[in-house]
Protein chains: 2
Amino acid sequence: MSAIRGARERARTEVTTAIKNEARRQLAQEGAAKLSLRAVARELGMVSSALYRYFPSRDDLLTALIVDAYDAVGVAAETALADGRDGPGGLGPRDRWNAVCSAVRAWALAHPHEYALIYGSPVPGYTAPGDTIGPASRVGLTLIAIARDASRADALAPPPLSGELRPEAARIAADIAPDLPPAVAVALVAAWAQLFGLISFEVFGQFNRMVEERDAFFAQAASRLAEDVGLRG
Amino acid sequence: MSAIRGARERARTEVTTAIKNEARRQLAQEGAAKLSLRAVARELGMVSSALYRYFPSRDDLLTALIVDAYDAVGVAAETALADGRDGPGGLGPRDRWNAVCSAVRAWALAHPHEYALIYGSPVPGYTAPGDTIGPASRVGLTLIAIARDASRADALAPPPLSGELRPEAARIAADIAPDLPPAVAVALVAAWAQLFGLISFEVFGQFNRMVEERDAFFAQAASRLAEDVGLRG
DNA sequence: TCAAGAATGAGAGCACTGCTCTTGCGGAAT
DNA sequence: ATTCCGCAAGAGCAGTGCTCTCATTCTTGA
């Protein structure tokens with residue numbers, strides 16, 4: 001009977017992923033705002049009302065795609081870090097940082113609409129539900145892990161920190177990385193935001209007719225961020 | 001008769017700005033995707049089809065709002081720079097940079113939806129027309145002007161530049177600021193993108209439950225960007 | 001095993017959207 | 001004064017998200 005019940009549930013998850021895949025397809029082609037439940041249903045050969053058995057609203061479908069996208073960038077970042085750790089030779093902290101940044105950028109350039117979904121303007125009238133905060137932090141945690149590695153290898157030189165910011169820095173450090181110096185924690189948060197500033201400008205076309213050698217430009221900027229965080233070698 | 005014709009044209013521009021104002025109001029309340037031509041017309045006591053005499057499509061209305069928004073941030077930045085130049089005492093390059101960055105951030109926090117319109121994901125199916133590139137560059141030009149001021153005052157120390165990036169740096173410098181060292185030009189572009197990364201993360205809520213003392217945090221990050229560009233004192 | 005029950009799909013329908021087209025009105029130019 | 005042209009109004013089309021009802025089909029418990 002578990003097999004029978006499994007059949008039902010398997011059908012359900014199959015249809016669910018089919019819906020998400022088709023939605024992702026339309027997302028990649030037309031962007032988030034043009035994504036239409038009816039069009040997805042039509043393409044899948046079902047009637048629109050049937051789709052509501054799987055996703056109670058359009059926003060819920062979007063949320064599912066958002067979670068998947070966060071997971072996808074997260075995996076890209078984590079894989080890059082893992083490769084940098086025990087790959088050929090084993091990279092130093094600086095190179096690991098650059099590898100992770102490049103991996104995130106590559107994913108963003110390959111999936112611009114999904115990237116826009118998670119790092120562009122929040123979708124209209126939509127506020128991120130709790131399900132997203134876990135997946136959303138994977139890239140940040142990866143960056144923190146790099147700093148932690150560096151710290152253990154004595155390759156971390158905490159950047160200067162203004163006295164005014166010291167209590168806040170301690171708070172942030174306690175929150176996200178209690179084992180790292182507060183100055184590194186704030187620098188990490190800032191670098192994290194700045195990294196996505198670089199990527200967003202490239203993905204959203206702000207560099208058009210301005211920056212041509214995007215790879216080299218990004219590599220230089222990412223290295224600089226690594227310096228700001230205090231990563232050595 | 002010029003008075004009479006003027007009356008006609010005045011009426012037209014009056015209605016046009018009324019439409020834009022109401023649209024901006026709805027934008028601020030609900031976000032770009034929820035902005036509806038029919039709702040704007042309804043609120044203005046006219047029928048929806050009449051609105052098409054003023055804006056040929058919803059995208060054109062959006063474009064008008066985008067241009068206005070670019071101009072508004074641009075003015076905020078330029079005003080901050082002017083105040084920093086000949087204000088009380090006259091600020092140094094570093095403080096001018098911080099002042100301009102803070103002004104842009106303040107505008108963004110005060111007008112989050114308009115900010116999202118111009119620095120969030122590009123609106124669905126919409127590609128920025130030529131009218132926007134002028135207004136869009138005002139903030140960037142202001143940042144360049146700060147570096148130029150610093151250069152003239154011998155307060156600019158060009159950051160290091162990787163050999164690989166040198167030709168591209170020369171190209172960028174020739175494009176946007178021929179009188180500045182190439183290394184400064186690339187650093188400016190990078191800092192420009194990173195600045196909006198910081199602001200976007202704050203406006204879009206990515207710092208929620210993570211950064212509390214936003215002012216101090218931003219000030220520190222902005223100062224760091226000034227350093228990266230090579231601004232002294 | 002068979003009947004009660006839950007899950008699923010189909011269809012109609014509501015209120016809304018952007019946009020087009022036609023019609024009529026009133027001020028502007030000749 | 002009459003011909004225009006700008007403007008507004010209304011109807012209408014195709015599309016949207018979402019809800020409701022009704023039938024069917026699979027699952028489960030007695």
Side-chain angles (χ1 to χ4, degrees), chain A residues 1-20 22-23 25-27 29-66 117 123-127 129, chain B residues 1-20 22-23 25-27 29-66 117 123-127 129:
Chain A
M1 42 198 99
S2 88
I4 301 180
R5 173 214 288 202
R8 253 256 230 254
E9 281 184 11
R10 187 169 57 242
R12 178 168 188 87
T13 67
E14 242 170 54
V15 175
T16 302
T17 68
I19 292 172
K20 286 204 292 186
E22 175 59 25
R25 224 181 52 78
Q26 295 193 10
L27 181 70
Q29 284 197 343
E30 300 272 18
K34 284 261 202 301
L35 181 123
S36 144
L37 279 188
R38 291 182 111 113
V40 170
R42 205 179 305 133
E43 208 67 22
L44 260 53
M46 54 171 108
V47 86
S48 74
S49 60
L51 218 151
Y52 284 82
R53 302 279 177 192
Y54 298 88
F55 295 94
S57 83
R58 183 180 178 278
D59 276 1
D60 288 89
L61 213 196
L62 242 355
T63 301
L65 295 185
I66 287 175
L117 202 57
V123 176
Y126 161 89
T127 49
Chain B
M1 39 200 100
S2 88
I4 301 179
R5 175 211 291 202
R8 253 249 232 260
E9 282 184 11
R10 190 169 55 241
R12 180 170 184 86
T13 67
E14 242 170 55
V15 176
T16 303
T17 67
I19 292 172
K20 285 205 291 187
E22 175 60 26
R25 225 183 49 80
Q26 295 194 10
L27 182 69
Q29 285 197 343
E30 300 272 19
K34 284 264 203 302
L35 182 129
S36 143
L37 279 189
R38 291 183 110 111
V40 170
R42 204 180 306 133
E43 207 68 22
L44 260 52
M46 54 171 111
V47 86
S48 74
S49 60
L51 219 148
Y52 284 83
R53 301 273 174 189
Y54 298 89
F55 296 94
S57 82
R58 183 182 179 276
D59 276 1
D60 289 87
L61 213 198
L62 241 355
T63 301
L65 295 184
I66 286 175
L117 204 54
V123 176
Y126 162 89
T127 50

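Per chain, numbering begins at 1; letters A, B, ... match sequence-line order. The shown structure was predicted, so the numbers you read here are calculated from the model rather than taken from an experiment.
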query = Can you check the B:Tyr52 OH to D:dA9 P distance for me, whole Å?
reply = 15 Å
ask   = Can you check the A:Leu51 CG to D:dT16 C1' distance for me, whole Å?
value = 14 Å
request  = Please name all residues satisfying side-chain hydrogen bond (donor to acceptor under 3.5 Å, both in side chains) with A:Glu22, sequence neighbours left out, ordered by chain then number.
outcome  = A:Arg25, A:Gln26
message = Distance check needed: C:dT17 C1' versus B:Leu61 CG, whole Å only.
response = 15 Å
Provide a list of protein-nucleic acid N or O atom pairs under 3.5 angstrom, restricted to nucleotides 5-7 of chain D.
| residue | atom | partner | partner atom | Å |
| --- | --- | --- | --- | --- |
| D:dC7 | OP1 | B:Arg12 | NH1 | 3.2 |
| D:dC7 | OP2 | B:Arg12 | NH1 | 2.9 |

key: Which atom of B:Lys20 lies closest to which atom of B:Ala64, heavy atoms considered   = CD-CB, 3.9 Å
ask   = What integer distance in Å separates A:Leu37:CG from D:dT16:C1'?
value = 9 Å
key: Residues from residues 40-48 of chain B lying under 4.0 Å of DNA chain C - heavy atoms   = B:Arg42, B:Ser48
query = Separation of A:Arg58 atom CZ from C:dT17 atom C1', in whole Å?
reply = 13 Å
inquiry  = In whole Å, I'd like the distance from the CG atom of A:Leu62 to the P atom of D:dC18.
reply    = 10 Å
Distance-only donor-acceptor pairs under 3.5 Å for side chains of residues 35-57 of chain B, two or more places apart:
| residue | atom | partner | partner atom | Å |
| --- | --- | --- | --- | --- |
| B:Ser36 | OG | B:Arg38 | N | 3.2 |
| B:Ser36 | OG | B:Ala39 | N | 2.9 |
| B:Ser57 | OG | B:Asp59 | N | 3.2 |
| B:Ser57 | OG | B:Asp60 | N | 3.3 |
| B:Ser57 | OG | B:Asp60 | OD1 | 2.6 |

query = Between C:dA12, D:dT16, C:dG18, which nucleotide has the shortest distance from any of its atoms to the side chain of A:Ser49?
reply = C:dA12
key: Gap between atoms CZ and P, on A:Phe55 and D:dC18 respectively (whole Å)   = 13 Å
request  = Could you tell me, to 10°, how much the axis swings from one end of the helix from C:dT1-D:dA30 to C:dT30-D:dA1 to the other, five pairs per end?
outcome  = 0°
request  = Calculate, to the nearest 0.5 Å, the distance between atoms OG1 and CZ belonging to A:Thr16 and A:Arg12 respectively.
outcome  = 5.0 Å
query = Can you tell me how far C1' of C:dT8 sits from CD of A:Glu9, to the nearest Å?
reply = 14 Å
